[in-house]
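Encoded as structure tokens, the structure appears first; notes follow it.
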Protein chains: 2
Amino acid sequence: MRDEFRAELQAVSQLLVDMAEGVRTAMRQATRALLTADRQAAEAVIAGDAEIDGVYRQVEERVCDLLARQAPVATDLRMVITALHVAADLERMGDLADHVAKTSLRRHPSPAVPAELRPVFTDMAEIADRMAVKIGKVLGAPDAALAAELDRDDDAMDDLHKSLFGVLLDDDWPYGVETAIDATLLGRFYERFADHAVNAGEHVVYLITGENTPAAS
Amino acid sequence: MRDEFRAELQAVSQLLVDMAEGVRTAMRQATRALLTADRQAAEAVIAGDAEIDGVYRQVEERVCDLLARQAPVATDLRMVITALHVAADLERMGDLADHVAKTSLRRHPSPAVPAELRPVFTDMAEIADRMAVKIGKVLGAPDAALAAELDRDDDAMDDLHKSLFGVLLDDDWPYGVETAIDATLLGRFYERFADHAVNAGEHVVYLITGENTPAAS
């Protein structure tokens, strides 16, 4: 029974690692679509989101199965419930990559992001990518120190988000309201991607250290 | 055992109804703060969000307790897991009300929303309110027809969201980029509030009818 539980939980963990990899790829492709007006990349993200959703469903099914057949308690139960939370965060990260891809398609063949904003979105995308990698690693081999780094990454993301508004609100901003709206939403998508990565990381830390789970994302 | 399970699940349901009421109040107050630059209302929302988060934690604790002590299977298990999903949606709806309140505070004592946008935000807030009421009712007494209405409400919300961009992108838009950024984010907060209400409703419908649970929010 114990070995069976471990094996089933391991299978769920592997699905979460797969989701983290899928979500990382999705955001990388979405950023390429955004910065190079690459229609194929955007379409790949949108098609891929259904796959991520599919893995999410699998996690849910396996968790329900595991709860029904093993009736875990205490720490075991906590681990199973945590897997559900992490899966929900990863699923949402996939949606956000999908939103970035769709924004780039809406403006195609024009770029959705003008030259002045490319540096800040390049930096936001780089942090998002780093965070997705860390989530994958932490899920593969729980590591509280690595998970804690996600908080610092998120601070850097928040700083970039603020600097994005600085560019938009500069008196010299030449692009008008439509581009500002796109940039505002895109900034929010990257920032929320980071928030969900932090959330997922906090759930894993909670498992390792018993420290409080996040109440809000 | 069976009676105990029912009683415990009933207690969880009651917490969800409480959360739905809390979230409804929060969004009403946040809208008042937004449309009348009412600082006290905004502060009440922000303070109240901690309470909603507290109820969310209680739901999680009770669900874990219930799983550990009752080890439900089949439909019973599905109901318990659904409660977790619904609680997560409601918690997020509370966050979104909090974001609306904070946006109004950032511009206080000026109104964050200019006269031209008051009608669309008034309408969005009205739909959000209607949806929050329905979620509360559906949680109190599962009703697939009422839950299905949430989809139509969400369509109306999406139409308003589009018309908001219509106002912002009108050549006559006199307010510049800063107000457009605020309006873009505010529009997103109301629209996401509606999405989570739909999601919560779909989870309840799934319980009643066995129809597919939503994969993505």
Side-chain angles (χ1 to χ4, degrees), chain A residues 49-50 52-58 60-61 63-74 76-78 80-82 84-85 88-89 91-92 94-95 98-99 164-165 167-171 173 175-185 187-189 192 195 199 212-217, chain B residues 49-50 52-58 60-61 63-74 76-78 80-82 84-85 88-89 91-92 94-95 98-99 164-165 167-171 173 175-185 187-189 192 195 199 212-217:
Chain A
D49 192 45
I52 295 171
D53 290 349
V55 185
Y56 178 52
R57 277 184 212 273
Q58 279 182 54
E60 289 222 310
E61 275 164 32
V63 161
C64 279
D65 217 54
L66 206 163
L67 287 170
R69 293 197 297 119
Q70 304 279 342
V73 296
D76 288 353
L77 176 58
R78 214 169 63 167
V80 175
I81 297 297
T82 296
L84 272 188
H85 284 301
D89 281 313
E91 189 274 329
R92 188 69 198 142
D95 287 345
D98 176 88
H99 293 354
L164 167 66
F165 290 125
V167 179
L168 296 179
L169 294 173
D170 193 297
D171 286 341
W173 173 253
Y175 294 98
V177 169
E178 181 160 33
T179 305
I181 292 174
D182 276 351
T184 299
L185 290 174
R188 177 116 187 118
F189 299 151
R192 290 295 299 155
D195 285 344
N199 245 34
N212 250 351
T213 184
S217 53
Chain B
D49 192 46
I52 294 171
D53 290 349
V55 185
Y56 178 52
R57 277 184 212 273
Q58 280 182 54
E60 289 223 309
E61 275 163 34
V63 161
C64 278
D65 217 55
L66 207 162
L67 288 170
R69 293 197 298 119
Q70 305 278 343
V73 295
D76 289 353
L77 176 58
R78 213 169 64 168
V80 175
I81 297 296
T82 296
L84 271 188
H85 284 302
D89 280 314
E91 189 274 329
R92 187 69 199 142
D95 287 345
D98 176 87
H99 293 353
L164 168 65
F165 290 125
V167 179
L168 296 179
L169 295 174
D170 193 297
D171 286 342
W173 173 253
Y175 294 99
V177 168
E178 181 160 33
T179 305
I181 291 174
D182 276 351
T184 299
L185 290 174
R188 177 112 188 123
F189 300 151
R192 289 295 300 155
D195 286 344
N199 245 33
N212 251 352
T213 184
S217 54

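First the proteins, then the strands, lettered A, B, ... as listed; each starts at 1.
- In this structure, the side chains of B:R92 and A:R92 stay at 4.5 Å or more apart for every pair of heavy atoms.
- For the atom pair B:R192 CZ and A:R192 CZ, the distance stands at 8.0 Å (nearest 0.5 Å).
- Options B:D76, B:L185, B:V63, B:I52 differ in how many heavy-atom pairs under 4.5 Å they form with chain A, and the most are formed by B:L185.
- With rounding to the nearest 0.5 Å, the separation of CZ in B:R188 from OG1 in A:T184 is 12.0 Å.
- Interface remark: A:L168 contributes backbone and side-chain atoms alike to the contact with chain B (heavy atom separation under 4.5 Å).
- The distance from the CG atom of B:L169 to the CD1 atom of A:I181 is 4.5 Å, given to the nearest 0.5 Å.
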Would B:L67 and A:I81 satisfy side-chain contact (heavy atoms from CB on, under 4.5 Å), going step by step from the backbone distance to the final call?
CA-CA 10 Å; B:L67 288 170; A:I81 297 297; 3.7 Å; yes
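- Between A:V177 and B:A180 the shortest heavy-atom distance is CG1-CB, 3.8 Å.
- Interface remark: B:L77 contributes side-chain atoms only to the contact with chain A (heavy atom separation under 4.5 Å).
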